[in-house]
Each structure stands twice: as structure tokens, then as C-alpha cells.
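Taking it in order: structure first as C-alpha cells, then the write-up.
Note that the coordinates shown come from a computational prediction; the quantities given were computed from them, not determined experimentally. Just so it is clear, the values below take in all heavy atoms, side chains as well, and ignore hydrogens, waters and symmetry mates.
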Amino acid sequence: MLATKSSTTNRRPRKKARFAWDVTQSNAKAQSDLFCGQDGGNGTSFGPSRVLPDHPSLFVKGLTQRSSPPWREDDKDGHYMFALGENLTSRYKIHRKIGEGTFGQVLECWDRETKEMVAIKVVRSIKKYREAAMIEIDVLHLLGKYDRTGSRCVQIRNWFDYRNHICIVFEMLGPSLYDFLRKNNYRPFPVDLVRELGRQLLECVAFMHDMRLIHTDLKPENILFVSSEYVKVPDYKVSSRSPKEGIFHKRLPRSSAIKVIDFGSTAYEHQEHNYIVSTRHYRAPEVILGLGWNYPCDIWSVGCILVELCSGEALFQTHENLEHLAMMERALGPLPQHMLKRADHHANKYVKKGRLDWPEGATSRESIKAVLKLPRLQNLIMQHVDHSAGELIDLLQGLLRYDPIHRLTAREALRHPFFTRDHYRRF
């Protein structure tokens, strides 16, 4: 799962809609080809969004129904090597690969006992990833104990240790919010859909925080639609700008139901919180400044996610701390002096004379330009939201308050007029 996102120009959709998100299929290889995960970020997907081709010629013939595959060495990074059609223990048959990341890879498998497809997260055979997987298993069991209907978080079905790889079995879900945006050429979601997605996401965060758990890695890649089904509707905003090129279409999900995944970075409230958390684009200012973090770091991530769903692109597209802080000031106003003064020894180089060392400390002219082209948050939302813009802006300003003490809690956010006032909903 890639953390970096880039804008894509609008293109005509394919004439015939295909299931599994029109994933581009690579050429079929020889039957004996092996597959392994590649480092591509730290997200995962349990749906048919990033798949290898499901083609009969890729399945290994001659294997008995429940035979074990031959022993193979892992690749140099500790990823499990496999061939499509092989067994992962006698219970599961590998159907295709549907996701990958720094943790390992996600395989769609046939569960012979329950007679259903499941998603199995096969973790790299490296100590720190195995340890993170065991933490995730503990968290998933705890969440499942109190979320019996599985309406908020992905459900764990099983787990086992196979050839030094922790394997976690999950229910199958649809594509991630990021994959949906990407397949839609990064066109924004309608505000009514953003409202429904935001409500469910905050309900999940409130549920976790009530249990003294902090997710720490909320991002569109880690939020999945329950269903893969979608409809195509005319995109009048695009077609009105390009009448000579005909009517463009965009995808909308048939159902707005979502679930949160990837609890490998989840922290308990009582743990020490002085290390770096969150994927860059969704990282809160207190984390960058080394001030320590707690529940509010999840709330900041939710704010960034909602902006991205409304605009189609990540709010803070950067990979450098000072530029990131400068982008925050550009979109949200000056950082509080009391936070800048308390920056730890790693971050105090970004501060000079009580203010952010910008643009003097910029690494390049391109970096300054990248910050200058970012609009104010209010203007960004007004560009993309047809109605409810005022309420949404007010909500986002509460979610993206610099000082974590004053940031909205998940419960407070759910009581905001953006969610509670009667709105015309299509989802």
C-alpha cells in the first residue's frame, strides 16, 4: 500500500464496467511462478482492490487437495514465497494476492471448513513484524469481545504460525477508501457520503478510545468498504467543463458501510508515547514536534482523512518535517508559540526566535512553492463542497486544532451539527 498519492487527470472510464475494480491484469506467467510481497507502505487491504490476475493457468496443477507446498526460503526481506493454488496449511487454499506492505502481504484464500473466501495477512518472518502481529491479534480479540456484531472493526476469524510467518485470518471486505479514490481518478466524494463515512469512522475511534486504545495509523488505506459493489453516475462537474468530450462518469459505492483495519500499531493508553506514530500525511503536529501524543493524534488523522475525501487529494503532501509544519500554518494559521517552545531536541531546529523557521529554513525553492500553492482550509472546502460547507469547515477546524488538549474528542465530534442536523442523505 503506497502512502504517497499523486493527482491524476480525469480520463474517460472504460466502456464496460468490470468487477474487482477494473484492476489492470498483468500477463500470465508460467505455472511455477512464485510470488512475494514488496515493500510498498504500511497499509493493507482485505478486498479485491490490488490483486494479481485470477487466471486458471496460474494455478499449480498436480497438487493433492490438502498437500503441503515444497519448503522454500523466504525472500531477502523475509516475505513468504508462494505459488497461486497452493495450500496455506491444509485448511486454506491460496486464490490470489490482494495486498502488500512493509508488514508482509495479504492473500485471498478459500477456507475449506467454512466454505468461504477469507483474507489472510501473512507477516514477514522478522522479529519486529512478528511482535507487531501478536499485538494486533490481542487487540483484535479485545475489540471483537465488545464489538460482537463486527460493525466497526474488521473481524478476526483465526490465526496461526506457519513456517515462521504469523498468519491472521480476516473476513473479506471491499476496497479501501484510497483505492476507491484512485480508481475514481481522485475525484472527491459527495459531501453526503463524506458525512456517512465520517460518522462511522468517528464511531469506531470513539469505541477504541473508550477501551483505552489508540489506533495511531488511521488513513484511507486502513478504512475499507464492506462491499466492492459500485454504480457509475454522470460527473456533471467534469462534463460541464468539457462538453465537447462527452459525459464523464464517476463511481459511487452501493453501500457506505466501512470498517477500520490494521491494528498492528495500536497503542494502549498507559504505554509510553514518545515515539513517532502515524503515516506522514496524517501525522499530528504534537508528534512532529516531539511533545508526546495520546488519543487526539487519532482525531487529527480523522480530520486529514475527511479533507482528502472532500478534495480527492491528501491535505499535506510532503515527506519533510519543516515543510509539513509550514503547510499546516499555510492551511490552518500559525502554530501556537507554547507548542513551538516545547519542541524536543530533534524538532527545535525547526523553530527560530519563537516561530517556525520558514521560509528561511526551506531546503529548496520547490519546497517553498509547494507550501505557497496550498490554499486555506476554508477555501479548499468551499472549492469542493456544494452544501453543508460551513458546518464541515467548523467540524474540521475542531478536529485539526493544533493543541491536542483543545482538539475535539470523537464523542464531541459526533455531536457536531454536521452530523446531527437533519440533512438530505443519499446513502
Can you tell whether the side chains of [X] and [Y] come within less than 4.0 Å, N to carboxylate O?
X: Lys352; Y: Glu360; answer: no
X: Arg407; Y: Glu286; answer: yes
X: Glu116; Y: Arg157; answer: yes
X: Arg199; Y: Glu196; answer: yes

Between [X] and [Y] (side chain of the first, backbone of the second, donor and acceptor by atom type, cut-off under 3.5 Å), is there such a pair?
X: Asp298; Y: Thr216; value: yes
X: Ser256; Y: Leu193; value: no
X: Ser151; Y: Asp147; value: no
X: His281; Y: Ser301; value: no
X: Arg124; Y: Asp77; value: yes
X: Asn185; Y: Arg187; value: no
X: Arg254; Y: Val231; value: no
X: Tyr80; Y: Gln105; value: no

Practice task
Dump the intermediate steps for side chain to side chain contact (heavy atoms under 4.5 Å, CB included) on Tyr402 and Met339, then the final yes or no.
Solution key: CA-CA 9 Å; Tyr402 286 128; Met339 291 180 68; 4.0 Å; yes
Problem - Distance-minimising heavy-atom pair for Ser278 and Arg283 - result: O-NH2, 2.7 Å
Problem - With Asp74, the side-chain contact (heavy atoms from CB on, under 4.5 Å) member among His165, His79, Arg163 - result: His165
Practice task
Report the distance from atom CE of Met172 to atom CD1 of Ile120, rounding to the nearest 0.5 Å.
Solution key: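 Met172 atom CE to Ile120 atom CD1 measures 11.0 Å (nearest 0.5 Å).
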Handout entry: Nearest-0.5 Å distance that lies between atom CG in Leu173 and atom CD1 in Ile258
Key = 11.0 Å
Is it the case that atom [atom1] in [X] sees more than 12 heavy atoms from other parts of the structure closer than 6.0 Å?
X: Met382; atom1: CE; answer: no
X: Gln271; atom1: CD; answer: yes
X: Arg376; atom1: CZ; answer: yes
X: Phe160; atom1: CZ; answer: yes

Please tell me whether [X] and [Y] have a donor and an acceptor in their side chains that are separated by less than 3.5 angstrom.
X: Tyr178; Y: Glu308; value: no
X: His215; Y: Asp262; value: no
X: Asp217; Y: Thr279; value: yes

So that I know where these two stand, are [X] and [Y] an aromatic pair - ring centroids less than 6.0 Å apart?
X: Tyr162; Y: Tyr92; value: no
X: Tyr230; Y: Phe225; value: no
X: Phe418; Y: His416; value: no

Exercise for the section: Kindly confirm or rule out a cation-pi arrangement of Arg280 over Phe316, judged by NZ or CZ under 6.0 Å from the six-membered ring centre and within 45° of its axis? Expected result: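 No, Arg280 does not lie over the aromatic ring of Phe316.
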Problem - Option from Lys121, Arg96, Lys97, Lys93 for which salt bridge (Lys or Arg N to Asp or Glu O under 4.0 Å) with Glu108 holds - result: Arg96
Practice task
Take Trp293 and His273 through the test ring pair (Phe, Tyr, Trp, His ring centres under 6.0 Å) and record every step on the way to the result.
Solution key: CA-CA 6 Å; Trp293 50 268; His273 297 162; 4.1 Å; yes
Exercise for the section: Output, in order, the C-alpha distance, side-chain angles, deciding distance and verdict of side chain to side chain contact (heavy atoms under 4.5 Å, CB included) for Asp357 and Tyr350. Expected result: CA-CA 5 Å; Asp357 186 25; Tyr350 308 131; 5.7 Å; no
